[in-house]
Every structure is written in structure tokens, then in C-alpha cells.
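Letters A, B, ... are given to chains in the order of the sequence lines, protein chains preceding strands, and every chain is numbered from 1. Note that the coordinates shown come from a computational prediction; the quantities given were computed from them, not determined experimentally.
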Amino acid sequence: MTHPAENPESHHHKNFIEIEVEKDFANKESLQGKTIQTRFPPEPNGYLHIGHAKSICLNFGLAKTYGGKCNLRFDDTNPSKESQEYVDSIQRDVRWLGFQWDNLFYASDYFQQLYDWALQLIREGHAYVCDLSAEQMREYRGTLTEPGKNSPYRDRTVDENMDLFFRMKSGEFAEGTRTLRAKIDMGSPNFNLRDPVLYRIMNAHHHRTGNDWCIYPMYDWAHGQSDSIEGITHSICTLEFENHRPLYDWFCKTLRIFHPRQVEFARLNLSYTVMSKRKLLQLVTEKHVEGWDDPRMPTISGYRRRGYTPESIRNFCETIGVARFNGVIDVLVLENAVRDHLNKTASRYMAILDPVKVTLINYPDDQVEELEAVNNPEDPAAGSRKLPFSKTLFIEREDFMENAPSKFFRLKPGGEVRLRYAYIIKCEEVIKDSSGKVIELKCSYDPQTKSGSGPSAERKVKGTIHWVSASTGHCAEVRLYDRLFLSETPEEAPEAKTFLDNINPNSKTVLHAVIEPALAQILPGTRVQFERNGYYCADQIDSKPGAPVFNRIVTLKDTWAKIAAKE
RNA sequence: UGCCCCGUGGUGUAAUUGGCAACACAAGGGAUUUUGGUUCCUUUAUUCUAGGUUCGAGUCCUAGCGGGGUAGCCA
């Protein structure tokens with residue numbers, strides 16, 4: 001047992017699981033001389049989401065903190081919902097998050113052992129074959145207030161059970177006609193102990209075992225024993241399995257096998273986000289989004305495509321902590337985590353999303369200047385680049401206001417503003433089309449104020465705006481993503497509505513921006529900041545050489561929007 | 001309605017054996033700034049309720065209230 005490594009990069013305070021783990025290794029006889037062994041146990045029936053990231057960080061983090069090991073184990077006991085595509089995507093996502101498993105296992109690796117253990121249970125009088133239909137079984141199970149009734153098949157002899165179970169395995173019976181059940185207590189206040197089903201008959205092709213089996217173990221029967229086989233010391237799972245713990249313990253005890261400790265924690269809930277795998281699947285299959293990796297999806301692959309960094313997701317998981325209280329985390333916390341990381345690492349560029357033309361009336365017609373621009377003020381090592389400047393430019397439409405409030409520090413008629421890394425300009429004339437829309441601003445520039453050219457350039461004006469030279473600018477597709485749901489709690493839909501009714505119809509906006517030349521050469525996957533606007537990622541799939549397509553990762557904080565909203 | 005779990009600023013998480021309730025984010029105010037970004041300073045605000053044990057309770061006990069989970073041959 002080693003002690004948690006001093007980690008200077010985080011102000012980590014121990015969560016309750018770490019405290020329990022430390023206590024266990026200090027006190028439990030069975031753990032002496034051992035190191036922690038955890039596992040991340042996804043079912044390959046969908047893509048991983050941000051909630052899984054919490055579990056991944058926890059399980060791999062625990063192993064790392066205490067010098068132990070963490071396995072990746074696929075809980076593949078229900079072939080009707082699982083596939084190799086999901087297995088592959090899960091491995092990719094775990095690696096991308098920055099974790100490497102010590103062993104790769106599948107619950108299906110243990111099907112034979114599980115079967116043998118079932119035989120042991122039958123032999124020792126702890127399991128029986130039951131002929132009740134699913135509906136009958138429900139009736140026999142009882143209700144919240146009434147105990148269940150014993151199945152009429154509960155007292156079959158060992159020989160009869162052995163024979164029937166063997167024939168179940170041999171494919172002699174139709175799906176749904178028989179189950180193998182543990183013989184525990186139909187009167188238990190805990191439903192999980194009312195003779196739970198261990199095996200059901202399923203004539204399904206399994207992505208790994210093919211057609212070897214036609215009986216498949218239930219979660220409860222497979223999970224704890226898989227943990228036991230792998231020597232898992234701490235089996236971390238979410239709160240909804242809390243009521244299963246007595247059963248988990250019963251199996252280990254009755255089978256007399258290594259007994260891991262199940263510890264439950266609260267799953268992640270994010271505001272404005274759905275986290276249920278079933279609902280995420282529905283969004284994909286019904287085409288409300290463009291796939292599992294749609295940048296609006298809370299999947300790991302969605303965040304990756306969107307441009308989130310693994311570091312920011314790990315930091316997020318660290319920030320939110322681990323507890324047994326079921327709360328909701330504000331998505332802002334996640335967004336802040338990316339901003340925080342990207343602020344330090346992303347190079348800045350000029351891009352105009354909604355251009356308006358600016359003509360500098362006193363600037364020489366054919367002159368082009370190469371201006372020096374800092375790539376990242378937070379990181380001197382990022383260096384600088386040249387920015388072409390000329391008579392005709394584009395600025396952001398929202399950086400000009402004809403009747404501006406006093407606190408508006410950008411361009412207005414007769415007003416001055418600095419063009420970042422360039423000159424101070426003054427708006428002399430506003431040109432509009434017949435509909436009244438501003439189409440051009442005629443401005444003068446002050447030649448004394450060229451950035452970095454000495455004391456005369458130090459003149460202060462209230463605002464600085466970004467710009468792109470018209471002659472050298474490129475055009476690029478930009479996708480603006482907003483939250484997928486309008487409701488803070490999308491799963492809570494009013495009567496006769498579903499979470500789909502809470503979808504934000506404007507969660508994706510595609511536009512064409514004017515970008516500075518350097519930005520046009522950016523490699524797919526690169527994350528950049530569009531100055532004064534937000535962080536963007538050159539899409540890995542749709543970008544072409546010299547023609548990047550940008551996904552907005554997250555906007556910059558916008559204090560002005562807050563001020564303007566107050567007016 | 002049974003059983004299990006959980007209640008600490010607006011949100012999330014801390015608080016050695018019971019010993020000055022703290023950290024982050026959010027919100028407000030200010031400073032700096034050639035990004036209304038970043039950074040820095042600062043303010044507001046917390047133990048669900050009622051009893052009990054104790055010199056002393058967020059922590060222990062009892063009751064109440066509130067929230068969540070649970071009646072798949074899903075995981």
C-alpha cells in the first residue's frame with residue numbers, strides 16, 4: 001500500500017472513496033500485501049459519454065494514486081444490444097482521455113466459469129430452473145409492500161435442476177420459457193434478493209462468443225464474479241446499484257470466492273444535457289444529431305470532434321468531486337474547464353464571422369503592410385506571425401453601432417477604435433444599402449499609431465477590435481454550436497411531451513467567415529482562438545488542405561453581452 | 001406504500017479521534033489590459049427542522065421534513 005502521490009498540480013482533497021480505500025488497506029486482513037485493483041466496466045451498447053469520463057477518471061485515478069492497477073472490462077452479457085463497433089469506440093475513447101488499462105477483459109471471457117459456478121449453486125441447493133413466464137414472474141415477485149410468493153418450481157430436486165439447466169444450455173427450450181434463478185428469499189424487502197434470475201435463454205449471436213451460448217448471464221450474476229476473478233479490490237459503481245450490493249455480497253459468500261468491495265458514488269448529471277444511453281441512442285438513430293460524434297453530443301467522441309481537450313475533461317472530473325449526493329453540475333463548469341486549458345494553449349488568430357467592409361480613405365491604394373501579431377499572450381514560446389494590412393478590411397458587424405450607448409467602446413460614427421496590432425481608425429462615414437443595412441464604413445487611420453512603432457503609437461483609445469484584410473483574407477466554413485437542449489433539465493418534459501421537445505432548434509449554425517491567411521493553412525484537429533470571439537477546432541473529418549472547416553468549441557466569456565443585457 | 005441511500009453558501013465539494021465551517025465555480029464591486037479575453041484584489045452568502053448527549057455537534061442519538069433509487073428474463 002503506497003500513499004497518494006503528492007500532486008502539486010491540483011489541490012486535490014480526498015474523496016470519500018479514497019478515504020474508504022485507505023481504511024480498507026489499513027484494516028482488512030484480506031488486503032494485506034495487496035495493492036488496489038479497479039476496473040472500468042462499460043457495456044458495449046453505446047458510445048461513452050461525459051458521465052463515463054467521471055467513472056474512468058475515478059477508477060484509473062484510484063489505481064494511479066495508490067500504485068495499483070485498473071482493467072478495462074466489457075460487460076458484454078446481453079448480445080442483443082452489443083456490438084464490436086461499440087467495443088472499438090470505447091477503447092478509442094478511453095485512450096484518448098489519456099488512460100491505459102493494465103488488462104483488457106470481457107465478461108464473456110468468464111462464461112464457462114460462470115456456468116460452472118451456476119452448477120455449484122444448483123448442486124448446493126442455491127439455484128433452480130424456473131418455468132414461470134416473464135409476466136408470471138412479475139406477479140410472483142410481489143410489490144413494494146407485499147412480499148413475493150415462491151415459484152411453484154422452487155423445490156425441484158438437484159437432479160431435475162441439473163438436467164433442465166443442461167438442456168437450457170443445449171438449446172432445447174425456446175427463448176423466454178425458462179430461467180435459472182437463485183434461491184434466496186421471496187419475502188425480502190430488497191427485490192434483488194427475491195430469487196433473482198441468473199440466466200435467461202437468448203438465441204442471439206454474441207460479438208465474441210458467436211453462437212456458443214444460448215443462455216446468457218444477467219448483470220448481477222456476471223458482474224461481481226468477474227470482479228472476483230480479476231481480483232478487483234474495490235468495485236466502483238453508481239448509486240443505482242446500491243440495492244444490488246446485498247446480492248453482490250451473497251454471491252461471493254455463497255460461492256466462497258474472493259470478495260471485492262462494491263462502493264457506489266453519484267453519477268454525473270449535467271444541466272442542459274441528457275446522459276441516458278438510451279436517449280443518446282435515440283438522438284442518433286432518429287437523426288436529431290449527425291451521429292455519435294456530433295459536436296453537440298455529450299459523448300467523448302462528440303467532445304473530441306468539437307475540440308475539447310482530454311486535459312480539460314480530466315480537470316473537470318477532478319473539479320466536480322465524488323460523493324453520494326445526487327446533484328446537477330452546471331455545464332458552465334465544463335465549459336470553463338476547456339476555456340481554462342485553451343487559454344493557455346491555443347494560438348490566437350483573426351477571423352470575422354459577420355463581416356462589414358471598412359475602407360481607409362487616407363491609406364495608399366496599393367499598399368500592403370506586414371504587421372507583427374503575438375500568437376499567444378499567455379505563452380511567449382508560441383511566438384508571433386505576420387498579418388497583412390491594407391486599405392480595405394473587414395471588421396465584425398457587431399463591432400460597429402450607429403447609435404451606441406455610452407459604454408459601447410467599439411466603432412461608432414465619429415468615434416475612434418484601435419485595430420488590433422495595427423492603427424487607430426476613426427469612422428468618418430456610414431454607407432447603407434436601400435434597406436438601411438450598413439454595407440461599408442469609410443474610416444480614416446492615424447499613421448502615427450502603428451502598433452509597436454514607438455511612443456506616438458501608445459495613444460490610448462477605449463476599444464480594440466479585430467479585423468482581416470480583404471485582399472488577403474480567405475473564406476472558411478464555421479459551425480457555431482450551442483447547447484443541444486433549451487431546458488436546464490431536458491429529461492423533465494411536461495405531459496405528452498418528451499425530451500425531444502426540449503431540443504434547441506438553433507443548436508447548430510453554419511456560416512462563412514473571412515479568416516486571416518495563416519489560419520487557412522491550419523492542420524485538421526488544431527485548436528485556435530478566434531480573437532475576441534471563442535475557441536475553434538479545425539474539424540478532423542471535413543477540413544481539406546488549405547480549406548479548414550471550424551467547429552466552435554466554446555465562446556470566450558462575454559462581459560459586454562452581460563452589460564448590454566442589463567440596459 | 002415497503003426497503004435502501006442522501007440533505008453543508010446560488011452550484012459542486014471539503015472540514016484529523018466531536019474543537020474557530022473552508023475551497024472551486026457562479027454572482028456583485030474594483031484594478032490591470034492593444035482580446036469587453038486573461039490576470040489580480042475585494043464583497044455577499046452555508047451546516048433541512050425539532051429535540052437529545054456533551055464544556056463543546058456539520059460530525060454522535062431520536063423523531064420529523066425534503067430529495068433520489070428500487071417491483072427487466074437491461075446494465
Can you tell which of [options] lies closest to the side chain of [X]?
| X | options | answer |
| --- | --- | --- |
| A:F409 | B:A75, B:G36, B:G12 | B:G36 |
| A:A323 | B:U38, B:U13, B:C73 | B:U13 |
| A:W560 | B:G72, B:G36, B:C74 | B:G36 |
| A:S451 | B:G2, B:C5, B:U34 | B:U34 |
| A:V197 | B:U35, B:U1, B:C73 | B:C73 |
| A:E43 | B:U1, B:U38, B:C74 | B:C74 |
| A:H244 | B:A75, B:U38, B:U34 | B:A75 |
| A:N326 | B:G68, B:A75, B:G37 | B:G68 |
| A:R418 | B:G37, B:U34, B:A75 | B:U34 |
| A:M218 | B:U70, B:U35, B:G72 | B:G72 |

Provide the distance between the two [atom1] atoms, one in [N] and one in [M], to the nearest whole Å.
| N | M | atom1 | value |
| --- | --- | --- | --- |
| B:A45 | B:C23 | C1' | 15 Å |
| B:C60 | B:U47 | C1' | 15 Å |
| B:U17 | B:C65 | C1' | 32 Å |
| B:A24 | B:C6 | P | 28 Å |
| B:U53 | B:G12 | P | 34 Å |
| B:A21 | B:U59 | C1' | 12 Å |
| B:U70 | B:A22 | C1' | 36 Å |
| B:G68 | B:C73 | C1' | 27 Å |

So, does [X] get its side chain near the phosphate of [N], meaning an N or O under 4.0 Å from OP1 or OP2?
| X | N | result |
| --- | --- | --- |
| A:K562 | B:A27 | yes |
| A:K460 | B:U34 | yes |
| A:R141 | B:U70 | no |
| A:N336 | B:A26 | yes |
| A:K557 | B:U38 | yes |
| A:R420 | B:G37 | no |
| A:R410 | B:G36 | no |
| A:R200 | B:C74 | yes |
| A:T77 | B:A75 | yes |

Whom does [N] pair with, Watson-Crick or G-U wobble, provided both distances fall under 3.5 Å?
| N | answer |
| --- | --- |
| B:A22 | B:U13 |
| B:G36 | none |
| B:A63 | B:U49 |
| B:U70 | B:G2 |
| B:U44 | none |

Regarding [X] and [Y], is there a side-chain donor-to-acceptor distance under 3.5 Å anywhere?
| X | Y | value |
| --- | --- | --- |
| A:N375 | A:R348 | no |
| A:E172 | A:S170 | no |
| A:S133 | A:Q136 | yes |

*How many Å lie between CG on A:D558 and P on B:G36, as a whole number?*
9 Å

*Atom CG of A:L332 to atom P of B:G10: distance rounded to whole Å?*
17 Å

*ring-ring contact (aromatic ring centres under 6.0 Å, His included) with A:F530: which of A:F550, A:Y535, A:Y349?*
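Going through the options one by one, the only one that passes is A:F550.
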
*Starting at the 5' end of RNA chain B, which residue's closest nucleotide do you reach first, A:R339 or A:P377?*
A:P377

*Nearest nucleotide by nearest heavy atom, which residue falls closer to the 5' end of RNA chain B, A:Q529 or A:N15?*
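Result: A:N15.
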
Answer with base, sugar-phosphate or nothing: what part of the nucleic acid does [X] contact at a heavy-atom distance below 4.0 Å?
| X | result |
| --- | --- |
| A:V322 | sugar-phosphate |
| A:F16 | sugar-phosphate |
| A:Y199 | nothing |

_is_close_aromatic(A:W250, A:H126), centroid dist under 6.0 Å_ = yes

*Under 30°, 30 to 60°, or over 60°: which ring-plane class applies to A:Y423 and A:F389, parallel, tilted or perpendicular?*
tilted

*asked:* Over 60° means perpendicular and under 30° means parallel, so tell me whether A:H244 and A:F241 are parallel, tilted or perpendicular.
replied: perpendicular

*Hey, does the side-chain of A:E378 have a donor or acceptor N/O within less than 3.5 Å of a partner on the base of B:G37?*
yes

*Ring of A:F325 versus six-membered ring of B:G7: centres under 5.5 Å and planes under 30°?*
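No; by the centre-distance and plane-angle rule, A:F325 does not count as stacking on B:G7.
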
*Please confirm whether the backbone N or O of A:T555 pairs with a side-chain atom of A:R339, one donor and one acceptor, at under 3.5 Å?*
yes

*Which of these, A:N161, A:D195, A:T179, sits in a side-chain hydrogen bond (donor to acceptor under 3.5 Å, both in side chains) with A:Y128?*
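Among A:N161, A:D195, A:T179, the one that satisfies the side-chain hydrogen bond (donor to acceptor under 3.5 Å, both in side chains) with A:Y128 is A:D195.
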
*Glycosidic conformation of B:G72, syn or anti, with 90° from 0 as the boundary?*
syn

